[in-house]
Amino acid sequence: MRRDHMLYLMLLPVIVWFLIFSYLPLGGLQIAFKQFSLFKGITGSDWVGTKHFINLFQSDQFLRAVKNTLVISFYSIVFAFPIPILLAVMVNEIQSQGYRKAVQTIVYLPHFISVVIVAGLVVSFLSPATGVVNNILSHMGVPRIYFLTQPEWFRSIYISSNIWKEAGFNSIVFLASIMSINPALYESAQVDGATRWQMITRITLPSIVPTIAVLLVIRLGSVLEVGFEYIILLYQPTTYDTADVISTYIYRLGMQGARYDVATAAGVFNAGVALILVLAANRLSRKFARTGVF
Amino acid sequence: MAAEVSIRNVYKRYEAHTVVHGVNLDIKPGEFVVLVGPSGCGKSTMLRMIAGLEEISDGDVYIDGVRVNNLAPKDRNVAMVFQNYALYPHLNVADNISFGLRLNGAKKDVVKEAVRTASEILSLQDLLHRKPADLSGGQRQRVAMGRAIVRQPKVFLFDEPLSNLDAKLRTQMRAEIKRLHVRLGTTVAYVTHDQIEAMTLADRIVVMRDGRIEQIGAPMELFHRPANTFVAAFIGSPQMNLLPATLSIRDGAVFAVLDERNSLRLDESRLPPLTEGQEVIVGIRPEHLAIRGSDASSQVGTTQLTGEIDIVEPLGAQSILHTRLGEAAVTVMVDGLVRFDIGQPISLTIDAGHVHLFDAETQLTIPLKDAS
């Protein structure tokens with residue numbers, strides 16, 4: 001402690017930050033169990049037990065939001081999670097340094113574009129009147145589609161545009177993991193007669209399994225947290241059936257409806273489920289990949 | 001099963017930088033050849049060119065008479081053992097050993113039998129289900145050798161396989177590699193920077209420097225008849241003392257004058273024609289120098305040199321004395337039981353039959369006739 005006091009001193013602002021912005025607000029969670037009144041304050045409001053939770057589970061809108069959250073997360077994991085891995089493997093296979101750097105720059109760039117701009121691009125591209133997608137469809141003789149007002153299109157649009165935006169950047173971790181593989185493993189396999197494909201399937205992918213497992217754990221832990229801002233920017237009442245997720249539901253309930261207590265109850269439920277998921281995923285990772293986050 | 005390897009005028013260039021300069025080497029079937037030299041001398045590059053892991057810039061490599069320059073590594077029928085073992089961390093020992101066979105679609109019973117045989121040869125039977133992370137350095141190296149064995153190659157290539165092991169384990173593994181070679185009789189090309197490894201393992205040693213071969217020969221040939229000062233200094237431990245001297249011929253007797261106090265009488269019967277005042281380098285192995293008591297005044301043997309002890313390194317059975325003879329530092333290997341002190345004056349004697357002479361300008365050996 002004495003020897004490392006400068007390090008602890010440097011750590012202090014982070015600890016203070018966490019205390020103020022992460023731990024102190026936890027006290028406010030009690031309003032999930034109270035009939036919250038702005039005039040009575042958090043401590044002065046009356047206790048109502050699990051009333052808000054019961055109401056939530058009797059609400060079709062909340063159950064729809066839970067279902068949408070799970071479905072969007074599930075599709076994201078199935079489709080969006082593997083793509084950065086494939087991208088990293090593909091980038092790793094590029095022999096020309098110049099071409100490789102160009103590819104990396106191109107695929108990383110969308111990450112740095114604000115979600116507001118991405119949403120704007122999506123709206124613009126999918127516009128029924130002037131959007132490039134509908135123009136192409138129109139040229140092919142297909143009737144114009146109102147993509148952003150039809151619930152059946154929302155998940156595909158959300159997930160595919162998210163992949164476009166984040167797959168490149170998310171591939172960095174996997175690429176770094178691939179780069180750390182001992183090159184002698186490939187040379188040894190080359191002498192043994194392995195093809196490029198066999199090297200990918202038998203060396204590259206198994207070698208990055210620990211990284212995949214850790215990131216999957218983190219991803220599973222946030223399965224109930226889908227891109228709140230992006231959905232807010234893209235959805236509209238006509239697509240609530242497939243687009244409304246827990247976070248947007250809480251936002252509408254809390255911020256627009258001033259039902260802070262019910263919104264907090266939904267948030268507590270969300271956090272509780274997320275905690276269980278993280279613990280379960282970490283356990284699975286430890287069992288199968290011999291590694292975990294904690 | 002063993003193959004001949006011929007290397008013909010091979011060059012390796014990285015853009016404008018040449019790292020291997022026209023190397024020629026023939027490795028006979030079943031021969032154990034060690035490529036030795038300091039870091040960056042091109043020995044590993046040579047091995048990798050034989051394996052097919054490096055492109056050959058110029059020249060040809062033949063394995064069993066077939067030019068392999070353009071053949072993929074897998075088609076050269078070679079197996080390579082790497083310095084850092086190159087074991088697949090996610091596979092257990094059995095799967096690591098059989099990796100190459102399984103890649104090539106070998107049948108399960110063939111794989112099983114090959115793993116059994118290799119594990120028996122290398123005493124790995126009890127470790128087959130362990131992952132590399134659970135093995136010691138020596139065990140990992142044995143697994144790496146097992147992976148090479150199961151492919152039944154015509155040539156084994158070892159790239160500094162023992163350099164990650166501690167001294168004791170290195171000695172054990174050295175013996176195991178030697179036993180393995182005797183048992184399998186496969187041609188071996190082995191790279192190391194450790195001259196002891198080279199001396200103990202090789203049928204022939206290839207000493208390399210700056211991408212060129214300095215000398216090829218049997219270990220004792222290199223030890224007794226080094227071609228130049230580089231080989232003389234590289235082979236043998238502690239390394240040979242190389243002392244600059246000027247030749248002086250008096251009444252038919254030839255002396256190598258080291259400094260004002262010390263000169264070395266050479267054995268004229270072994271010398272080729274030499275000229276008065278010629279600059280030479282005298283080579284004396286530390287074990288060929290003997291200590292006379294500090295009070296010695298008469299010559300014993302042919303020559304006596306005087307100086308004082310700088311540092312004493314006791315090794316047990318022997319001690320290494322670092323002495324100073326005028327300006328020159330001279331290493332002496334002596335009996336470990338005798339006590340020596342720093343600063344102690346000493347007289348060294350040497351039998352002229354053990355002296356090596358090198359031309360000071362070319363650094364090449366001046367051939368001497370063998371001592372009778």
Side-chain angles (χ1 to χ4, degrees), chain A residues 82 85-86 88-89 92-101 173-217 284-293, chain B residues 44 47-54 68 71-92 95-106 114 131-134 140 143-161 164:
Chain A
I85 301 169
L86 296 177
V89 170
N92 185 55
E93 292 299 311
I94 298 173
Q95 303 296 317
S96 155
Q97 285 297 312
Y99 181 54
R100 183 183 184 145
K101 280 179 185 165
V173 180
F174 298 110
L175 194 61
S177 182
I178 290 172
M179 301 301 266
S180 69
I181 299 170
N182 178 2
L185 295 185
Y186 294 104
E187 292 183 337
S188 175
Q190 213 181 331
V191 175
D192 282 342
T195 59
R196 288 306 308 176
W197 177 248
Q198 284 173 319
M199 286 188 212
I200 290 170
T201 55
R202 296 181 184 227
I203 299 173
T204 308
L205 291 175
S207 297
I208 62 168
V209 160
T211 307
I212 295 174
V214 167
L215 290 178
L216 193 60
V217 168
L284 286 173
S285 171
R286 284 209 166 281
K287 189 172 177 184
F288 295 112
R290 293 171 95 179
T291 186
V293 180
Chain B
S44 284
L47 201 72
R48 292 167 62 80
M49 284 195 284
I50 298 171
L53 297 173
E54 292 282 354
V68 296
L71 285 186
K74 69 181 171 69
D75 299 323
R76 299 186 181 204
N77 212 344
V78 299
M80 188 154 169
V81 178
F82 293 82
Q83 178 178 354
N84 53 19
Y85 322 122
L87 299 181
Y88 304 109
H90 53 283
L91 300 181
N92 63 24
D95 289 341
N96 259 291
I97 290 176
S98 60
F99 186 79
L101 293 177
R102 288 185 290 115
L103 271 186
N104 295 308
K131 293 270 174 73
D134 304 325
R140 287 181 204 182
V143 178
M145 289 199 281
R147 202 169 57 190
I149 290 173
V150 291
R151 295 190 54 229
Q152 298 184 313
K154 286 184 175 176
V155 182
F156 277 121
L157 305 171
F158 288 89
D159 189 5
E160 307 216 27
N164 284 359

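The figures here come from the full heavy-atom set of this structure, side chains too, leaving out hydrogens, waters and symmetry mates. Just so we're on the same page: letters track the sequence lines, and every chain starts at 1. Just so it is clear, the model here is predicted, and its values are computed rather than measured.
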> Which of residues 176-185 of chain A have a heavy atom under 4.5 Å from any heavy atom of chain B?
Replying inline: A:N182, A:A184, A:L185

Under 4.5 Å heavy-atom distance to chain A, tell me which part of [X] shows up: side chain, backbone, both or neither.
| X | result |
| --- | --- |
| B:R48 | side chain |
| B:L53 | side chain |
| B:A79 | backbone |
| B:L87 | backbone |

>> For A:A189, give me all partners under side chain to side chain contact (heavy atoms under 4.5 Å, CB included), at least two apart in sequence or on another chain.
In response: A:A194, A:M199, A:I203, B:Y88, B:F99

> Got a sec, which residues hit side chain to side chain contact (heavy atoms under 4.5 Å, CB included) with B:K74, two or more places apart in sequence or on another chain?
Replying inline: B:A72

>> Would you compute the distance between atom CZ of A:R202 and atom CG of B:L91 and round it to the nearest 0.5 angstrom?
In response: 9.0 Å

> What's the spacing between B:H90 NE2 and A:S207 OG if we round to 0.5 Å?
Replying inline: 5.5 Å

> Non-hydrogen atoms of chain B under 4.5 Å away: do they reach the side chain of A:E187, the backbone, both or neither?
Replying inline: both

> Tell me, which pairs form a salt bridge (charged side-chain N to carboxylate O under 4.0 Å, His left out) where one or both residues lie in residues 78-89 of chain B, sequence neighbours left out?
Replying inline: none

> If only atom types and distance count, is the side chain of B:N104 paired as donor or acceptor with the main-chain N or O of A:D192 below 3.5 Å?
Replying inline: yes

> In terms of heavy-atom pairs under 4.5 Å, which option from B:G100, B:A51, B:A144 contacts chain A the most?
Replying inline: B:G100

